[in-house]
Every structure is written in C-alpha cells, then in structure tokens.
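Note: hydrogens, waters and symmetry copies are ignored here, and every other heavy atom, side chains too, is used. Residue numbers begin at 1 in each chain, while the letters A, B, ... track the order of the sequences.
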Amino acid sequence: MKVASVIVDVPAKQTDRAFDYLIPSQWLETIKPGMRVIVPFGPRKIQGFVTEIKAESEFKKLREIIEPMDLQPVLTYELLDLGNWLTENTLCFKIYAFQAMLPAALKAKYEKKVKLSAGVEPSHLPAQLQEAFKNEEAINWDDALNNGLVPILQREAAKGLLEVIYVVKERLKKKKLKYVIPLLSSRDLEAAQNGLPPKAEKQKEVLKYFVEHSDPVELRHLLSLLNISSSTVKALVEKGFLAEKDMEVYRDPYENRTFTRTEHLLLTEDQQRAMVPILDSIENKLHEVFLLYGVTGSGKTEIYLQTIQDVIEKGREAIVLVPEIALTPQMVNRFKGRFGNLVAVLHSGLSAGEKYDEWRKIQRKEVKVVVGARSAIFAPFENLGIIIIDEEHETSYKQEEMPRYHARDVAVERAQKNNCPVVLGSATPSLESFARAQKGVYKLLSLPNRMNKRALPAVEIIDMREELRAGNRSMFSRKLFELLKERIERKEQSVLFLNKRGHSSFVMCRDCGYVMNCPNCDISLTYHKVKEQMKCHYCGFESHVPSQCPECSSDYIRYFGTGTQKVEDELGKILPEAKVIRMDVDTTGQKGAHERLLKEFHEGKADILLGTQMIAKGLDFPNITLVGVLSADTMLHLPDFRSSEKTFQLLTQVSGRAGRHELPGEVIIQTYTPEHYSVELAGTQDFDRFYHREMMMRKAHHYPPFYYLALITISHEELITVVSATEKIAAFVRSRLSNQAVVLGPAASPIPRINNRYRYHCLIKYKREPELNKTLKAILDQYQADPKSGLLVSIDVNPFILM
DNA sequence: AGCACGCCGACT
DNA sequence: GTCGGCGTGCTC
C-alpha cells in the first residue's frame with residue numbers, strides 16, 4: 001500500500017481527477033485518506049487531498065509525495081464520499097468540493113521563489129543581483145517581476161547558479177502562548193526553594209507558586225500575578241526547575257463573555273407532541289426528515305435544544321444551521337447557555353483564525369454541537385445524531401459559487417449516511433419543503449400556537465396610493481406616523497423595516513428620465529452617500545454624481561430610492577424627539593457593531609430600530625410593540641419566480657418581531673399593491689392559503705416544487721457568439737431530454753451584461769430526466785475544455801437566483 | 001491554473 | 001541568423 005491517489009489543487013477540467021503518487025517509506029504509516037499533502041506537479045509543488053491508498057497504480061512513472069501537511073486527516077471518510085456526491089450533484093470540480101468542506105485557513109498559499117544553488121555565493125552573481133541576495137537566501141518571484149529582475153534571474157538560472165523553488169505555505173498559524181511548567185515535584189521544588197541564595201526572593205516566590213500549583217501557567221499571567229520580570233523565570237529555567245513551553249490555545253471569539261446557564265424549559269403540549277417523533281427517530285437511529293412548522297414565537301428553539309440534549313446523552317453529535325448567525329447573537333446565547341463549552345460556533349463574523357480554531361474543536365471531538373451558517377453542514381463529526389436547519393426557507397442556505405450546493409440537500413445526504421433525523425424549522429416553510437411534507441416525504445410537525453398563548457400581532461395594510469391621493473407625499477403613512485408617536489410617548493419600542501433590495505438608490509433625471517447605467521454592465525449604478533459616488537455592484541465601476549443630466553443637460557437630476565439614511569433623515573424631521581438606531585451595511589460594517597447596536601436597542605437606548613433585511617430575524621425584545629414595513633412590494637417585482645414567496649416570508653417574519661412578550665403588538669405594512677396575495681395573506685398571517693395560491697401559480701408556470709430547474713448561463717464578449725452558442729446548447733439539451741422537459745432559451749439574462757460580457761440563459765424545467773446529468777456534464781466537458789473560445793459556461797442545478 | 005515546448009515575425 | 005510573441009498540451 002504505497003501509492004496514494006491525490007486530488008490536486010488545480011481547478012481545471014483537465015486536472016479534475018486523481019493523480020497517483022508514491023508514498024515515501026517514512027510516511028507509509030502516516031499518510032491516510034483525507035490528509036492534505038504537498039506533491040510535485042509538473043515543475044511546481046502544490047497541495048492535494050489524498051482520497052485513496054492503494055498497492056499499485058496504472059501509471060508507471062510515479063513521483064513521490066513531498067510531505068504530509070496534516071498529522072490527522074482533515075476529511076473523514078464520510079466527507080470524502082460527500083465530496084464525490086457534491087461533485088456529481090452540483091457539477092463542480094472535486095477540489096472545490098473538498099475546499100468547501102474545510103475552513104479557509106486550510107487552503108494552501110503558494111510562493112514562487114528564486115534561491116542560490118548549493119555552494120553558490122552572492123559574489124558569483126552579476127552586480128545587479130548581489131544586493132538582492134546579500135541578506136536573503138531566496139527572493140520572491142513576484143518582487144523580482146516588479147523590479148524587472150526576471151530576465152537576469154533566468155539567465156543565471158540557466159547557468160545553474162540559481163534555481164526556482166516553489167513553496168507551499170499554510171495560510172494560518174496555530175495560536176501559541178508561552179506557558180511555564182514545573183519540572184520537579186512539589187516536594188523537590190520546596191527543597192529547591194530552600195537551596196536558593198537568600199537574596200533570590202523573587203525566584204523563591206515563583207517556586208512557592210509552583211509548590212502550590214503544579215499545572216502549567218501562562219507566562220504573562222504568572223508575571224503579572226507575582227509582579228516579576230521574565231528574567232526571574234528564565235533564571236529558574238536555566239537552573240532546571242522550570243521549563244517554558246509554547247502551548248497551543250484557541251482563539252476564542254466568546255472569550256470575554258459569560259453565558260448564563262439555562263435549564264430545560266417546561267414544554268407546552270404542542271411542543272411535547274412535536275418532539276416525540278424526533279426523539280423516536282433519534283432513539284431508533286432512523287433517517288427521517290421533519291418539517292417543524294411553527295408560527296413565530298411558538299418555541300421551536302426549545303425543541304432544538306431538548307432534542308440535542310437527548311442526542312448528546314446518547315453520545316452523538318448535532319449540527320444546527322442558522323441563516324447568518326452573526327445576525328442572531330441571541331441564538332448563540334441560547335446554545336452556549338444550555339450546552340456551555342460543548343458548542344462550537346461557525347459564522348462569517350469570525351476571523352479566519354477563529355473559524356479555524358472552532359473547526360478544530362469539532363475535529364478533535366472537544367465539542368458535541370456546532371451552531372453555524374451554511375458551511376457548518378460540513379462539520380467533521382463522525383457520529384451525527386441530528387441535523388437541524390432553522391429558518392429552513394432562507395435563501396442563504398444555497399451557495400451561489402462553486403460548489404453550488406443547498407445546505408438542506410447536503411443535510412439530508414449526511415443524515416442518511418448517519419442514520420439520523422433532519423429537522424427543518426420555519427414559520428414560513430419554503431414551498432418545496434411544505435409540498436414534500438404534504439406528500440409525506442417529510443414528516444410534518446406543527447406548532448400552531450405561540451408559546452405564551454400571545455395572539456399574533458394585529459396587522460394592518462396601508463395602501464400608499466391612498467396616502468398619495470390624500471396629499472401625503474412622505475414615506476410614512478398617517479397611521480404609521482400616529483402609532484410611532486404613540487409608542488414614543490408610551491416609552492415602547494418600534495422597529496421600522498426597509499426592504500432595500502431591488503430598490504437601491506439610483507440617479508435619475510426628472511426631466512428626461514435618464515438613469516445612470518454602468519458602462520460595463522447593463523444595470524443601473526447605485527448611489528453611495530458616504531463617498532458621494534455612483535458605484536456598480538457587479539463590476540465595481542465608480543463614477544462621480546453628475547450635477548447635470550448627461551442627456552438633456554437638465555439640472556433636475558437627483559437620486560431616487562429610499563435608503564435607510566434617507567428614512568433616518570426624514571424621521572429626524574417629522575419625529576425629532578425620537579432616538580433612532582440605524583442598522584444596515586454601513587453601520588454594521590465593523591466587527592461586533594451589529595451586536596453592539598442590538599444591545600443598545602435592547603437596553604432601551606433608542607425608540608426606533610431602523611434597518612434592512614438583517615433585522616427581520618431573531619429579534620426578540622419584550623418592549624417592541626410596533627413593527628412598520630415601509631414598502632412591502634419592493635421585492636415583489638423582481639424577475640424571480642420566488643418573489644411572492646420571499647415577500648410573504650419576509651413580511652411574516654418581520655411581523656413576528658412584535659408583541660412576543662407581555663405587551664401586545666401591532667404591525668403596519670405599507671404597500672402600493674395591497675391587492676397582491678402575498679401582501680394580503682401576510683397581513684392575515686395565513687400561510688396555508690398563501691401556500692395554495694402560490695402552488696397554483698407554480699403549477700401553471702412549471703416552476704418548483706412541480707418541476708426541478710437547471711440553469712445554464714453562457715457569457716462572452718461578443719453578443720452574436722453568446723447567442724449562437726446558447727442556441728447550440730439549448731438545441732443539444734432539447735435533443736437529449738424527453739418531451740416532458742421544458743427547455744427555455746436562448747434568452748438574455750435579467751442582467752444581460754456584466755463586466756463587458758454578454759450573458760444568455762438556457763433554463764431547463766423538468767420532472768424526471770435520467771439523462772440530464774450526463775447531458776450537462778457533456779456541455780461542461782466541451783466548453784470548459786477549451787477556454788480559448790472565450791465562452792464561459794456555468795451551470796446551476798436547482799438555482800435560487802435566476803440572474 | 002501554471003508552465004514548457006514549439007513554431008512564426010522583427011531585430012542585433 | 002536569434003529573441004521572443006503566445007497557441008497547444010501536459011501535469012501522476
């Protein structure tokens with residue numbers, strides 16, 4: 001067994017397969033599947049993942065693995081398998097699948113360098129190079145490139161004086177702290193203490209400390225504790241009484257926080273009833289998928305906590321996915337409060353180092369529970385007892401880059417392998433999941449009541465057209481204004497929700513209607529107040545805000561759209577006494593800002609919390625009695641078959657923020673389309689009726705959950721080339737699929753041009769097409785294999801965004 | 001993805 | 001005649 005199959009870190013069609021390497025004899029026992037190794041690849045050295053160990057290879061001229069990068073495999077057997085599954089199902093390169101399963105810190109960094117050949121002195125080199133090599137053993141290739149030294153270097157390399165080397169580097173180091181440990185027993189230390197010269201008082205003190213404490217202690221801590229300097233410790237180290245040792249420590253993002261320990265809450269009857277089948281499934285090691293459909297405030301989290309408790313008691317592990325956990329510190333608190341340091345937390349708010357450390361806690365089985373965003377689904381547990389996906393309808397569970405996976409699908413796949421249940425929780429399930437529950441594929445568990453029997457908040461829909469007719473041109477309806485004022489007087493809190501998506505501020509000429517567009521992309525530029533600039537969200541293009549219309553020279557050119565800043569300004573005018581906290585990308589940019597703002601609001605430091613999407617979830621403050629949605633329909637008109645569903649979900653979620661505790665809540669939804677069913681039914685919080693209406697729409701238009709989708713996007717600099725390529729691809733797909741499938745296209749993408757590349761679509765709607773996967777692979781084979789055509793083809797199986 | 005190898009144009 | 005352009009094909 002001296003040959004290793006390795007997937008190399010080169011994301012390309014031609015290298016998307018295993019390469020075999022000999023395992024050097026000294027590593028024979030060490031190297032195992034799932035480890036990262038450094039291998040020679042052509043003239044370079046690169047990282048690779050060992051997928052298999054075997055006795056021999058078809059390939060005759062094998063090269064040797066240079067060295068392993070891990071002591072323990074970073075991918076378990078299950079994850080290696082899962083990598084293949086991901087590759088198959090999302091049509092991505094294997095290397096992308098493996099990398100997606102690991103923290104970014106484990107991705108290799110490469111350096112190309114030039115060093116002196118053995119026995120060569122800097123003085124042997126031309127004068128120009130002597131300087132560069134005087135202090136350095138090797139110089140960076142990129143630096144040489146910038147200084148124009150490459151030609152000379154190549155010449156010297158050809159003579160054999162220099163050689164090019166490749167270095168594979170870890171992205172990140174383990175954090176280490178200096179610790180001091182006693183080398184002698186407590187008794188011997190006491191003796192040593194007496195043997196010290198009488199004036200070595202400080203040293204005696206240190207030894208005295210270790211007579212009492214035999215555990216390692218952090219050097220820094222010891223120094224400040226005994227008020228000594230490091231030379232004292234050093235002296236004792238030299239005498240052989242103590243030793244200094246670098247010990248690895250975790251970067252703990254929650255280091256300076258204490259979590260109040262919480263105990264089981266008493267469950268309501270509904271909760272108990274819902275929990276029984278889940279516990280059964282855990283007990284009997286059955287794979288089942290449960291859809292836990294419970295209105296906001298019905299106590300889903302407590303069910304998660306208690307089922308996890310059961311899983312832990314059975315010696316198994318749990319994964320909990322939450323939409324973007326940085327946004328819901330309350331969730332972290334609940335888990336840490338219940339399970340203490342058995343919980344690892346993985347979310348985008350952590351630094352790469354912190355993520356790595358949390359991940360290693362999982363890898364070393366020091367924790368039993370991971371709470372995290374999408375990628376936490378790949379937590380390297382080996383004895384999973386349950387997977388929970390909270391807010392299962394959230395679109396952020398779908399990754400939009402390669403590998404384009406949906407965490408829900410991965411969860412089901414992993415749960416199957418581990419014989420454990422998946423719990424999908426939501427107050428507004430996705431149509432897909434609800435339909436599956438209706439068909440009995442998932443088991444439906446309902447929590448129809450709020451825990452404390454609080455009524456759902458009263459929702460009132462305000463027709464903003466009426467307001468306009470009545471002469472109110474502000475963005476606040478009279479009713480909302482009244483209620484806001486009332487809350488401030490009553491010292492209660494309000495949340496104002498602004499749905500910015502699809503409605504970001506753009507610049508338009510009031511005279512001729514000219515809208516500033518990006519010169520590279522067919523999309524309008526977004527106005528950024530902070531920098532007083534126009535910016536393209538797709539290619540990064542920036543330009544100044546014009547003072548005159550470039551088309552008609554009118555001076556009446558101004559920005560449109562209600563950004564949060566604008567709402568804040570207006571609030572300041574109409575309700576100057578109100579204290580407002582604004583939460584959007586601008587104010588929550590820094591680390592921890594999000595949490596700080598929420599804390600301030602919680603502590604009652606403001607009357608109104610104004611924000612975008614990010615405040616729609618997880619907020620659970622007792623004093624909120626009013627929720628206002630400024631414009632319900634901004635996302636309704638996006639070119640997306642899920643826009644109604646998203647609108648309904650969002651409105652329902654936002655409404656759920658009000659009146660969760662003692663005080664009853666009120667919700668105001670402002671809209672220009674009150675008659676739209678997703679607005680109307682969100683008003684009555686009637687998911688069931690919404691579900692039926694929307695299902696009819698989906699059926700009529702051949703959309704999920706009645707059909708599956710696959711989206712092929714083709715881009716090229718020339719419009720004609722894209723169109724004809726898309727035509728060819730669409731024709732090919734049609735020829736290969738049954739006549740049950742609907743193949744749309746070529747059609748221009750909703751964003752027809754990004755970064756000067758034209759984009760065309762072919763959308764496939766299908767029910768059952770055994771040939772589909774092969775067909776899509778054939779397309780990728782053809783187009784990925786020759787990049788010289790300039791055509792880029794990307795395929796999204798089960799896309800969420802059709803753009 | 002890199003990188004080398006290889007085959008054609010403008011220079012000492 | 002050579003230096004160097006980037007098209008083509010390979011990496012265990």
Under 4.0 Å, heavy atoms only, any strand: does [X] hit a base, just the sugar-phosphate, or nothing?
{"X": "Y166(A)", "result": "sugar-phosphate"}
{"X": "K60(A)", "result": "nothing"}
{"X": "F41(A)", "result": "base"}
{"X": "R44(A)", "result": "base"}
{"X": "Q14(A)", "result": "base"}

I need the Q47(A) CD to F41(A) CZ distance, nearest 0.5 Å.
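One finds 13.5 Å between CD of Q47(A) and CZ of F41(A).
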Among dA1(B), dC12(C), dC3(B), which nucleotide has an atom closest to any side-chain atom of P43(A)?
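Among dA1(B), dC12(C), dC3(B), the one nearest the side chain of P43(A) is dC3(B).
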Between dC12(C), dA1(B), dC3(B), which one does the side chain of V10(A) approach most closely?
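So the side chain of V10(A) is nearest to dA1(B).
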Distance check needed: [N] [atom2] versus [X] [atom1], whole Å only.
{"X": "Y110(A)", "N": "dC3(B)", "atom1": "OH", "atom2": "P", "value": "12 Å"}
{"X": "W141(A)", "N": "dC3(B)", "atom1": "CH2", "atom2": "C1'", "value": "11 Å"}
{"X": "I165(A)", "N": "dC3(B)", "atom1": "CD1", "atom2": "C1'", "value": "17 Å"}
{"X": "L62(A)", "N": "dT11(C)", "atom1": "CG", "atom2": "P", "value": "12 Å"}
{"X": "D9(A)", "N": "dT11(C)", "atom1": "CG", "atom2": "P", "value": "18 Å"}
{"X": "F93(A)", "N": "dA1(B)", "atom1": "CZ", "atom2": "C1'", "value": "10 Å"}
{"X": "I31(A)", "N": "dC12(C)", "atom1": "CD1", "atom2": "P", "value": "16 Å"}
{"X": "Y21(A)", "N": "dT11(C)", "atom1": "OH", "atom2": "C1'", "value": "7 Å"}

Do N418(A) and E78(A) pair up side chain to side chain, a donor and an acceptor below 3.5 Å, judged on atom types alone?
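Their side chains do contain a donor-acceptor pair, which is all the 3.5 Å distance test asks for.
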Quick check against the 3.5 Å criterion: does D70(A) have a side-chain atom that pairs as donor or acceptor with the backbone of R36(A)?
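It does hold such a pair.
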Considering just the side-chain nitrogens and oxygens of K61(A), establish if one lies under 4.0 Å of OP1 or OP2 belonging to dT11(C).
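No.
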Would you call D20(A) and K54(A) a salt bridge, taking side-chain N to carboxylate O under 4.0 Å as the test?
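Here D20(A) pairs with K54(A) in a salt bridge, since their nearest N and O are under 4.0 Å apart.
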Does the pair K175(A)/D246(A) count as a salt bridge with the N-to-O cut at 4.0 Å?
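Between D246(A) and K175(A) there is no salt bridge, as every charged N stays at least 4.0 Å from the carboxylate O atoms.
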